[in-house]
2 protein chains.
Amino acid sequence: MGWVQVSDGEQVYDKYAYEPFAVTVDLAVLTLRAGALHVLLVERGQEPYAGQWALPGGFVRPDESAETAARRELAEETGLSDVSGLHLEQLRTYSEPGRDPRMRVVSVAFAALLPDPPPDFVRGDPALASPEPRGGSDAAQARWTPYDSARPLAFDHDRILADAHERVGAKLEYTSLATAFCPPEFTLGELQRVYEAVWGTALDRPNFRRKVLATPGFVEAVPGAARLTGGRGKPAALYRAGAATALQPPLLRPSREGRPT
Amino acid sequence: MGWVQVSDGEQVYDKYAYEPFAVTVDLAVLTLRAGALHVLLVERGQEPYAGQWALPGGFVRPDESAETAARRELAEETGLSDVSGLHLEQLRTYSEPGRDPRMRVVSVAFAALLPDPPPDFVRGDPALASPEPRGGSDAAQARWTPYDSARPLAFDHDRILADAHERVGAKLEYTSLATAFCPPEFTLGELQRVYEAVWGTALDRPNFRRKVLATPGFVEAVPGAARLTGGRGKPAALYRAGAATALQPPLLRPSREGRPT
DNA sequence: CCAAAAGTGTTGATAGTACACCCATGA
DNA sequence: TCATGGGTGTACTATCAACACTTTTGG
């Protein structure tokens with residue numbers, strides 16, 4: 001940490017010399033519902049920004065890493081009993097002095113990805129969460145909101161949400177991250193809908209299929225299994241997430257602008 | 001920040017209820033010297049890890065963002081009078097309890113990139129740094145170290161340095177970041193050496209040249225200017241960094257393994 | 001039989017690689 | 001004139017996008 005570089009050397013060992021920093025985590029929890037990207041939001045019950053929607057989050061406790069705190073909050077907010085398999089990714093840290101009007105808050109932001117039909121979650125499952133959430137104020141609501149109608153959010157959460165979207169979109173290109181949006185067994189059509197929802201573009205189905213299958217370790221076939229997706233049509237073969245984490249070759253999104261010449 | 005989600009609601013407004021977190025920044029300052037990637041290290045003068053090398057860094061002050069603190073530290077450590085144009089990029093935050101044996105430290109890591117012939121920097125230029133660095137202990141040394149012989153470092157800095165290298169290597173592919181390693185006017189050969197040093201691979205010169213020039217906004221020619229690079233050979237045309245920040249199309253590094261079939 | 005969704009084949013354009021080759025300069 | 005580094009041309013090949021076509025299911 002470059003401890004020795006601190007110019008105000010005398011204050012290094014006085015833990016209470018400065019007004020302390022609060023360290024929190026903020027979560028952009030994303031999923032697909034009916035083919036559209038959704039984000040988990042909570043309604044604030046207190047000032048500032050009372051009544052507005054915000055990303056879920058909370059304090060990092062003294063014995064936790066930011067990652068541990070984020071996973072704990074994820075379990076509390078979604079009510080899922082097992083969040084250990086879910087993808088959780090650190091985005092960046094937001095530390096501007098005035099982010100929160102009450103005190104100095106440094107927030108580590110995470111993106112979390114949930115499989116397609118997320119169980120209609122229960123907020124603050126008593127079996128998991130601490131005894132009594134929040135003191136006197138109104139109970140905060142939580143709900144899934146379509147990504148496009150999420151804004152405006154409280155604090156600097158518009159920016160955090162945009163950063164989460166951008167990061168996830170970029171990682172779909174060169175990692176197998178898309179499978180984190182899918183249930184354990186999924187069809188290639190479902191996988192394609194993940195790409196289309198996050199990127200906001202339509203993809204050519206035959207070419208998508210070929211690219212996915214040509215990428216070693218991306219998906220592996222479940223022998224003999226098949227499932228009807230839309231009630232009609234040919235049943236689709238099922239696949240599981242493969243061992244690869246990086247895609248070689250990458251699955252690049254169509255470029256917005258034409259190339260020169 | 002999801003303030004309302006905190007389960008221990010009563011403690012939200014008691015700033016001193018917990019032992020406070022210290023928030024620091026750590027810097028992986030990278031440059032090219034004689035065609036090889038180097039990193040700026042400081043020698044620790046105090047326990048823990050006294051006598052070992054570490055990444056430079058320091059505390060975030062109450063009125064600073066992590067970015068501001070990182071830029072201040074960068075100026076202090078390099079002795080450069082103007083660091084405003086240098087590339088500074090947040091990597092991620094390291095928050096495991098126990099990173100530092102003395103107290104709870106949450107560290108925001110940054111990568112900084114300096115142009116090729118970095119002025120032989122002076123540590124702690126009095127005109128810039130705070131009056132008297134560090135209390136009683138030995139003065140810490142600082143020096144440029146080849147990337148490959150930098151380890152082992154103190155704390156978890158080996159990992160931070162590896163993360164910095166990986167991030168920079170990836171960003172060379174799809175951003176114009178490589179120009180941040182170059183002086184204001186540079187030759188395509190110099191630019192190519194940036195890629196080769198960071199990626200650790202040789203590139204085909206004619207093809208590299210074509211790709212760079214075919215990417216709109218990557219570089220722009222300085223009309224009529226030329227410079228001898230190695231004392232011998234044809235003088236090379238000079239270029240400046242272009243307006244583009246993202247490369248379209250990207251400049252992909254050669255894949256390690258062959259493709260199937 | 002029709003609609004809908006899955007899956008296969010083909011083809012023309014493009015981009016990338018691996019070279020061979022020429023140019024300008026210092027010693 | 002040779003060594004060194006800059007700059008250009010070219011041909012082979014792998015890749016990719018676009019779209020026609022076949023298959024299998026429910027109504």
Side-chain angles (χ1 to χ4, degrees), chain A residues 34-35 173-174 182 185-196 199 201-216 219 221-239 247-261, chain B residues 34-35 116 173-174 182 185-196 199 201-216 218-219 221-239 247-261:
Chain A
E173 293 195 329
Y174 56 94
C182 295
E185 299 192 341
F186 52 88
T187 69
L188 294 184
E190 290 167 349
L191 190 65
Q192 181 175 350
R193 259 164 259 136
V194 171
Y195 279 88
E196 293 179 329
W199 287 350
T201 60
L203 299 175
D204 183 81
R205 191 169 42 79
N207 293 334
F208 178 82
R209 175 187 189 73
R210 256 187 300 263
K211 283 194 203 174
V212 169
L213 295 178
T215 305
V219 299
V222 179
R227 183 209 291 163
L228 258 75
T229 53
R232 282 185 289 280
K234 184 174 176 176
L238 291 178
Y239 295 84
L247 300 187
Q248 192 66 259
L251 213 158
L252 302 173
R253 72 185 110 182
S255 55
R256 323 80 176 86
E257 27 196 351
R259 236 58 115 305
T261 308
Chain B
D116 192 340
E173 295 195 330
Y174 55 94
C182 297
E185 300 193 341
F186 52 88
T187 70
L188 294 183
E190 290 166 348
L191 190 65
Q192 181 176 350
R193 259 163 258 135
V194 171
Y195 279 88
E196 293 179 329
W199 287 350
T201 60
L203 299 175
D204 183 82
R205 189 169 42 78
N207 293 335
F208 177 83
R209 175 187 187 74
R210 256 186 299 262
K211 283 193 203 174
V212 169
L213 296 178
T215 304
F218 192 1
V219 299
V222 179
R227 182 210 293 162
L228 258 75
T229 53
R232 281 185 287 281
K234 181 174 175 177
L238 290 178
Y239 295 84
L247 299 188
Q248 193 66 258
L251 213 158
L252 301 173
R253 71 185 111 182
S255 55
R256 324 78 177 86
E257 26 196 352
R259 237 57 116 302
T261 307

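Just so it is clear, the values below take in all heavy atoms, side chains as well, and ignore hydrogens, waters and symmetry mates. Letters go in sequence order (proteins before strands), and every chain restarts at 1.
- In this structure, the CZ atom of A/Phe208 is 14 Å from the P atom of D/dC16, given to the nearest Å.
- Side chain of A/Leu228, nearest nucleotide from D/dT25, C/dC23, C/dT25: D/dT25.
- Nearest-nucleotide positions on DNA chain D place B/Thr187 closer to the 5' end than the other of B/Thr187 and A/Pro250.
- Rounded to whole Å, atom P of D/dG6 lies 12 Å from atom CG of B/Leu238.
- Distances from the side chain of A/Ala237 to the nucleotides C/dG7, D/dC19, C/dT25 place C/dG7 closest.
- Taking 4.0 angstrom as the limit, A/Arg209 places a side-chain polar atom (N or O) nearer than this to OP1 or OP2 of C/dG7.
- Atom CZ of A/Arg210 and atom P of C/dT11 are 13 Å apart (whole Å).
- Residues B/Leu191 and B/Cys182 come closest through the heavy atom pair CD1-SG, 4.0 Å.
- Going from atom CG of A/Leu213 over to atom P of C/dG7 covers 9 Å, rounded to whole Å.
- Counting any heavy atom pair closer than 4.0 Å across all strands shown, A/Leu188 reaches no nucleic acid atom.
- The side chain of A/Pro206 lies closest to D/dA20 when the candidates are D/dA20, C/dA6, C/dA20.
- With C/dG7, D/dG6, C/dG26 as the candidates, the nucleotide lying closest to the side chain of A/Ala236 is C/dG7.
- Following rounding to the nearest Å, A/Asp204 (CG) and C/dA6 (P) show an atom-to-atom distance of 13 Å.
- Nearest nucleotide to the side chain of A/Arg232, out of D/dG7, D/dG26, C/dA6: D/dG26.
- Here D/dG6 presents its C1' atom at 16 Å from CG of B/Leu203, a figure rounded to the nearest Å.
- Atom P of nucleotide D/dT15 and atom CD of A/Gln248 are separated by 11 Å, given to the nearest angstrom.
- Residue B/Lys211 places at least one side-chain N or O closer than 4.0 Å to OP1 or OP2 of C/dT17.
- Taking each heavy atom of B/Glu173 and B/Leu247 in turn, the nearest pair found is O-CD1, 3.9 Å.
- OP1 and OP2 of D/dG5 both lie 4.0 Å or more from every side-chain N or O belonging to B/Arg205.
- Here the closest non-hydrogen pair linking A/Glu185 and A/Glu190 is O-OE1, 4.4 Å.
- Rounded to a whole Å, the CZ atom of B/Arg227 is 17 Å from the C1' atom of D/dG7.
- When every heavy atom of B/Leu251 is checked against every heavy atom of B/Phe208, the shortest pair comes out as CD1-CE1, 4.2 Å.
- The side chain of A/Asn207 lies closest to D/dA17 when the candidates are C/dA6, C/dC19, D/dA17.
- Taking every heavy atom of both residues into account, A/Glu196 and A/Leu203 meet most closely at OE2-N, 2.9 Å.
- Set against D/dG7, C/dA5, C/dA18, the side chain of A/Lys234 has C/dA5 as its closest nucleotide.
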